[in-house]
Amino acid sequence: VSEQFGMAQTQIVPFPKGAMMTWGAFRESVKRGFKPGTVYTSDMYPPELRLDAALPAKTVVGDWEEFQHVDKKLRGQKVTVTMETPGGPMSLVSWVDADGKPLKAKMPMATFEIELLTTDQKTALADFVAPEVFMTTVLKVPPIENRDMVHSIRYRLTSKTDASAVSGIPTTGMQSVTKQNDRSVELEVSRLNHSPKSNYAKPASDLDDYLAANAVLNINDPILIDLAKRAAGDEKDLFKLADRLRRFVTDYVADKSMDVGFATASEVARNKSGDCSEHGVFLAALGRIAGIPSRVVVGLAYAPVFGGQSDIFGYHMWTQFWIDGQWVDVDAALRETECSPARIALATSSLKDCALADLNFAILSKIGTLDLEIIEVKRNP
C-alpha cells in the first residue's frame, strides 16, 4: 500500500516462492555458518529493488581482515553477496563480527561507492556535506552551434568497461540505433515534425501501463486532475495539447531546485519544486489524465553552459508522449516541446512500481562508464 497526502493505492504482488527477505537472508547466513570458503546461492526478495520477482544472490564467505572504521582499526570477516539486479550484478561487501552482524559494508554503483558503517545515533544524525554528483559525471563535447537549426545528430557511445553499458538503448520517435558493436553503439537522433493533424492513430491496448495510475503518477489525485484540466483547456489536437501541458509544467514548477531527490507527481503539484525528474513525472501525470499515454526517459542532454562548465552532456530526465504511433519527446525542464536532437535516451519506464528499479539501475550502470563522440551534425537550410 502506497499512501501520500491521504490517498492510498494498493498493489498485490505474489510473493516469489522460496525467496527470502532481509531477516530471512540474515538467518540463512547464520544457519550456513561463516567458515572461510563457504559459497551458496539463494533467492533474495528486496522489494526496494524489485517488486515483481526474486533476485538470485551468491554469497561468498572470506577470511578475517583488519579494516578502517572511521578513526580506528577493527577486525571482521569479509562476506560478499552479489545480486543479479535488472541493471546487472550488484555486490555488497560486508565485514561482520563473530555473530554475523555487520560492522562495515561497501556497495559500488557505477563510478560511486556507498559505504555503510555501524555507529552511534548522534554520529549517524550529524550534518554532512552531500557529494556533488551531476557536475562530476558530465561528458565534454565540442560546441553544438545554433541548436535551433540542427535537424539531426549522429553519436557514438563507447563503453569503458563492457558491452552491458551500451546495450538496451531504446528506439523512439527521434532516436534509432544505426550500428552496434561489442563496446560501442552509433545512434541517430532527428528532430520530429510536429505538424498538427485532423486524425491520430489510437493507442494500442499494450499501452495500458502508460495510462494507469501508480505510486509515482497517482492520476487519481484530485489536485492533479484539476491542474490537468486547467493546463489542457479545450485543446483537442494532440501535439498542441502536449505543448500546452509542457508550457504549464515549465511555469508551474517555480522553484527550479536540485535539492529534491525524486518526488512523486502529487508532491510536485503541491510543492511546485524540483529538477528535471520532478518536471518529467509531473508532465507524465498530466498527460495521462489528459488521455495521452506517457512515460519518462533518462539519458543525456546537451547544455552549452551549466555549473561553471561549457559544452557538456549531463544525465537528465524528461517525458515522452505516445502520439500517432510513436514516442514523442517533450522536455518541461529544458522548455522544449519540439525537442532538439542534442539528447540521447538511455532507458525508459512507465514508472509502474516493478519497473522503477529497472530505470534506476539502467542509468546507474552507465554513469562514468561511457565516452561520447559526435560524428555528424546536420542542419536545416
Side-chain angles (χ1 to χ4, degrees), residues 19-51 54-134 136-137 161 258-263 277 315 353 356-369:
M20 296 176 290
M21 297 181 77
T22 304
W23 284 105
F26 177 73
R27 179 181 181 277
E28 183 72 10
S29 66
V30 174
K31 179 182 175 182
R32 297 266 188 170
F34 295 94
K35 181 180 179 180
T38 299
V39 179
Y40 57 93
T41 301
S42 54
D43 287 335
M44 295 281 291
Y45 182 64
E48 69 277 11
L49 298 182
R50 185 161 190 169
L51 277 176
L55 302 177
K58 180 181 180 181
T59 300
V60 178
V61 180
D63 294 320
W64 283 81
E65 297 179 353
E66 187 178 76
F67 60 90
Q68 189 70 33
H69 188 283
V70 191
D71 55 355
K72 59 184 177 182
K73 296 281 188 179
L74 294 180
R75 282 185 59 79
Q77 191 168 17
K78 186 176 181 180
V79 178
T80 303
V81 179
T82 303
M83 285 191 295
E84 295 296 331
T85 75
M90 182 179 72
S91 295
L92 175 67
V93 181
S94 303
W95 287 264
V96 303
D97 64 15
D99 295 322
K101 296 180 180 178
L103 304 170
K104 178 178 179 178
K106 289 184 176 182
M107 182 171 63
M109 283 192 176
T111 58
F112 308 103
E113 186 173 66
I114 297 175
E115 185 174 278
L116 308 173
L117 300 171
T118 55
T119 186
D120 59 87
Q121 186 181 47
K122 181 180 178 181
T123 303
L125 296 178
D127 290 337
F128 72 101
V129 178
E132 169 57 52
V133 175
F134 182 83
T136 60
T137 60
T161 54
M258 296 186 73
D259 295 335
V260 183
F262 193 90
S277 61
Y315 288 92
D353 291 352
L356 186 55
D358 296 11
L359 180 71
N360 291 335
F361 281 107
I363 196 71
L364 283 171
S365 66
K366 292 175 173 58
I367 291 178
T369 67

- Query: Once you round to the nearest 0.5 Å, how far does OG1 of Thr59 lie from CE of Met83?
  - Reply: 10.0 Å

- Output all residues satisfying ring-ring contact (aromatic ring centres under 6.0 Å, His included) with Tyr40, sequence neighbours left out; order by chain, then residue number. none

- Task: Could you list all the salt bridge (charged side-chain N to carboxylate O under 4.0 Å, His left out) pairs where at least one residue sits in residues 54-75, not counting sequence neighbours?
- Result: none

- Task: Specify the closest pair of heavy atoms between Gln77 and Gly62, including all atoms of both residues, with the distance to one decimal.
- Result: NE2-O, 3.1 Å

- Query: So, do Ser91 and Val81 sit near enough that their side-chain heavy atoms are less than 4.5 Å apart?
  - Reply: no

- Rounded to the nearest 0.5 Å, what separation is found between the CE atom of Met44 and the CE atom of Met21? 9.5 Å

- Message: Is it the case that over 12 heavy atoms from other parts of the model lie below 6.0 angstrom from the CD atom of Gln121?
- Response: no

- When rounded to the nearest 0.5 Å, the distance separating CD of Gln68 from CG of Leu74 is 8.5 Å

- Check whether any side-chain heavy atom of Leu117 sits under 4.5 Å from a side-chain heavy atom of Val70, and report yes or no. yes

- Among all residues two or more places apart in sequence or in another chain, which pass the ring-ring contact (aromatic ring centres under 6.0 Å, His included) test with Tyr45? Phe15

- Message: As an exercise, state the distance from CE of Met90 to CG of Leu55, rounded to the nearest 0.5 Å.
- Response: 8.0 Å

- Do Lys101 and Phe26 come within less than 4.5 Å of each other through their side chains, counting heavy atoms only? yes

- Contacts of Lys78 meeting salt bridge (charged side-chain N to carboxylate O under 4.0 Å, His left out) (sequence neighbours excluded), chain-then-number -> none

- Query: If you round to the nearest 0.5 Å, how far is CG of Leu116 from NZ of Lys104?
  - Reply: 10.5 Å

- Which residue pairs satisfy the ring pair (Phe, Tyr, Trp, His ring centres under 6.0 Å) criterion with at least one member in residues 54-76, sequence neighbours excluded? Phe67-Trp95

- Note on the structure: Shortest non-hydrogen pair, Val30 vs Asp99, comes out as CG2-O, 4.2 Å

- Message: Please enumerate all residues that pass salt bridge (charged side-chain N to carboxylate O under 4.0 Å, His left out) together with Glu28, with sequence neighbours excluded.
- Response: Arg32

- Task: Write down the atom of Thr118, the atom of Pro102, and the distance for their closest heavy-atom approach.
- Result: CG2-O, 2.9 Å

